[in-house]
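Order of the sequence lines fixes the chain letters, A, B, ..., with proteins taken first and strands second; residue numbering starts at 1 for each chain.
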Amino acid sequence: MTDKNETQATTEAEGPRNFLRDAVAADLAAGRITKVITRFPPEPNGYLHIGHAKAMCIDFGIADEFGGFCNLRFDDTNPTKEEQEYVDAIRTDIRWLGFDWGSHEHFASDYFEQLYEFACELIGKGLAYVDDHSADEIRSHRGTLTEAGLESPCRTRSAADNLDLFRRMRVGEFADGAKVLRAKIDMAAPNLMMRDPVLYRIRHAEHHRTGTAWCIYPMYDWAHGQSDAIEGVTHSLCDLAYEIHRPLYDWFIANLGIFPSRQIEFARGNITYTVTSKRRLLQLIETGRVSGWDDPRMPTLCGLRRRGVPPEAIRRFWKDVGVAKRENNIEVGLLEYYMRNHLNKVAPRVMGVINPIKLTITNYPEDQAEELDAVNNPEDASAGTHKVPFGRQLWIEADDFMEDPPKKFFRLSPGREVRLRYAYFITCNEVVKDEAGKVVELLCTYDPATKGGDAPDGRKVKATLHWVSAAHAVPVEVRLYDRLFSVENPTDVAEGQDWLDNLNPESLTVLSTCFVEPVAGQLGVGSTCQFERLGYFCVDPDSTASKPVFNRTVTLRDAWTKEQTKGR
RNA sequence: UGCCCGGUCGUUCAAUUGGUAGGACAACGGAUUUUGGGUCCGUCUAUCGAGGUUCAAGUCCUCGCCGGGCAGCCA
């Protein structure tokens with residue numbers, strides 16, 4: 001009874017069901033396995049991105065849910081593309097996201113010897129052969145989607161000859177591309193993956209871990225499933241792209257008689273206004289569209305981190321999105337919702353003015369100064385309060401004033417009274433303009449009786465404005481980010497069109513004349529805060545002692561802007 | 001053209017495995033509010049199509065339609 005209830009509670013706490021969990025649970029229930037082991041298998045040839053985060057949430061999440069563990073396995077079987085630098089970056093990003101693989105770290109390259117032996121075994125069984133064909137010949141012999149392929153003349157070589165040739169491939173007797181080892185399956189198979197796939201290719205290249213110990217390297221299909229088996233991985237969860245590889249995955253297991261890992265595929269998560277293909281991300285960098293892999297507009301984990309996106313938001317996003325097998329394109333607005341949702345609970349509030357206009361309180365004594373109490377987080381009383389200096393001259397947001405306001409504009413305008421947050425009610429009496437007619441200063445009066453922000457007589461104001469005391473303001477740079485692309489599906493382009501044309505020219509706005517209150521000026525790199533009414537911000541590594549730089553992670557929900565842009 | 005996989009509100013994931021189509025986000029109302037934030041309450045138009053099996057079909061069967069994937073010595 002209690003057991004059942006607990007099980008149920010856990011299931012509910014973990015969210016809705018999905019086919020992956022059902023499959024794992026079924027395997028456990030059927031006794032096919034007794035412990036769940038999954039794996040997250042990045043190739044160390046680039047940086048992890050938001051899409052990898054989904055895979056991690058699934059791989060680590062499923063293992064954790066069933067009391068098992070998840071191996072981190074670097075799929076380093078192609079020496080020409082992989083580097084130690086990426087291994088380090090990947091470890092950092094996984095930890096940052098919040099996953100811990102403990103001692104379960106592996107490299108496919110650790111299994112090169114074992115993989116070689118497996119290959120010899122297959123050769124011995126007459127199920128693999130050395131082919132002298134060139135890459136071009138192999139391709140042309142593969143057949144097409146509708147026609148069977150042609151068998152290579154090498155296919156009939158004896159096991160002894162194949163074994164000898166394969167050994168000589170290993171010791172470096174042949175040049176790159178001279179020979180390959182192929183599985184002997186079926187050149188007429190309707191699934192092209194089964195038409196004698198290549199298992200090993202010759203590459204006289206230095207590997208970031210094995211150096212020059214090897215000059216033959218296993219292909220993905222030969223390395224992945226066997227690595228899974230070696231590690232006892234019970235469930236190898238991967239992208240739908242590998243669906244057609246599964247028959248081959250199973251064929252190797254069956255013919256080698258090794259641990260029967262089960263591959264199950266799920267749909268990758270696409271996000272609107274975003275691209276994640278490594279090739280495209282690289283192109284963005286190489287063409288100077290973004291500053292690098294960690295540009296805050298990039299969907300890479302290092303980019304999101306620099307942007308100030310909390311890892312909790314990413315994990316929660318993928319968890320709640322769920323997993324299925326159909327193609328999807330998730331609204332980026334959902335990710336933003338989880339960012340705000342998390343940041344709202346943890347980000348300290350400060351005041352910062354990013355588009356300043358001067359405001360002078362004409363009836364505030366020249367020499368007077370005071371410190372007011374500001375709440376650190378209205379969502380969390382335990383966060384306490386801090387002091388914010390006030391004075392005769394202030395910076396307020398230019399957007400918060402309109403000389404000739406439309407009906408629904410609640411903020412400051414001539415003759416109107418508003419509240420300065422945590423301070424006083426003020427009324428705008430006069431507008432100072434420059435020669436060009438641009439408003440450069442607002443002359444206001446304040447009501448000393450409203451200190452703290454409430455009027456003793458109970459009168460109300462329709463707006464509360466944020467502000468920064470000019471005498472105490474810390475000058476900072478603020479970088480505003482918008483979507484990198486201006487269309488939902490950036491890679492959907494007509495013939496002759498370039499996906500780069502879909503870039504949003506206004507994805508980055510640098511504001512160099514901004515002011516924040518003193519406590520905000522002291523935040524360290526990576527710190528997150530909310531600029532009241534403007535959004536969540538994060539201190540960028542580009543910050544210097546004299547000039548902090550803030551990245552806007554995401555805006556607050558903004559009913560006013562929405563109202564304004566309604567009818568366009 | 002061959003094989004494989006998919007098709008449920010605008011988006012995404014569910015539906016006790018054949019039994020009242022539900023959640024989240026978005027949107028739209030309202031309340032509250034010292035952030036046009038937040039919170040709370042409410043509303044919200046979906047099973048690709050046609051047959052069939054059944055007391056009962058999103059779920060099973062048949063035939064269509066639509067979308068995606070596959071011909072690297074990449075992973």
*Could you pull out all residues at least two apart from A:D492 that satisfy salt bridge (charged side-chain N to carboxylate O under 4.0 Å, His left out)?*
none
*Among all residues two or more places apart in sequence or in another chain, which pass the ring-ring contact (aromatic ring centres under 6.0 Å, His included) test with A:H204?*
none
_With the threshold set at under 4.0 Å for non-hydrogen atoms, list the residues of residues 374-390 of chain A touching RNA chain B in residue-number order._
A:P378, A:E379
_A:F550: partners by ring-ring contact (aromatic ring centres under 6.0 Å, His included), with sequence neighbours left out_ = A:F531
*Under the salt bridge (charged side-chain N to carboxylate O under 4.0 Å, His left out) rule, collect the residues that match up with A:E417, sequence neighbours excluded.*
A:R459
*asked:* Applying side chain to side chain donor-acceptor pair (under 3.5 Å), can you list everything that pairs with A:D380, at least two apart in sequence or on another chain?
replied: A:S382
*Intra- and inter-strand pairs of RNA chain B in dot-bracket (Watson-Crick or G-U wobble, both distances under 3.5 Å; | for another strand)*: .((((((..((((.....[..)))).((((((.....))))))....(((((..]....))))))))))).....
_salt bridge (Lys or Arg N to Asp or Glu O under 4.0 Å): pairs with one or both residues in residues 179-190 of chain A, sequence neighbours excluded_ = A:D131-A:R182, A:D132-A:K179
*Quick one, give me the B/S/- string for nucleotides 69-75 of chain B, reading 5' to 3', where B means a protein heavy atom under 4.0 Å from the base and S means that only happens at the primed atoms, P, OP1 or OP2.*
-BBSBSB
*salt bridge (Lys or Arg N to Asp or Glu O under 4.0 Å) pairs, two or more places apart, involving residues 192-208 of chain A*: A:R155-A:D196
_side chain to side chain contact (heavy atoms under 4.5 Å, CB included) involving A:P190 - partner list, sequence neighbours excluded_ = none
Could you pull out the protein-nucleic contacts involving nucleotides 23-25 of chain B (nitrogen or oxygen on both sides, under 3.5 Å)?
| residue | atom | partner | partner atom | Å |
| --- | --- | --- | --- | --- |
| B:rC25 | OP1 | A:Y337 | OH | 3.1 |

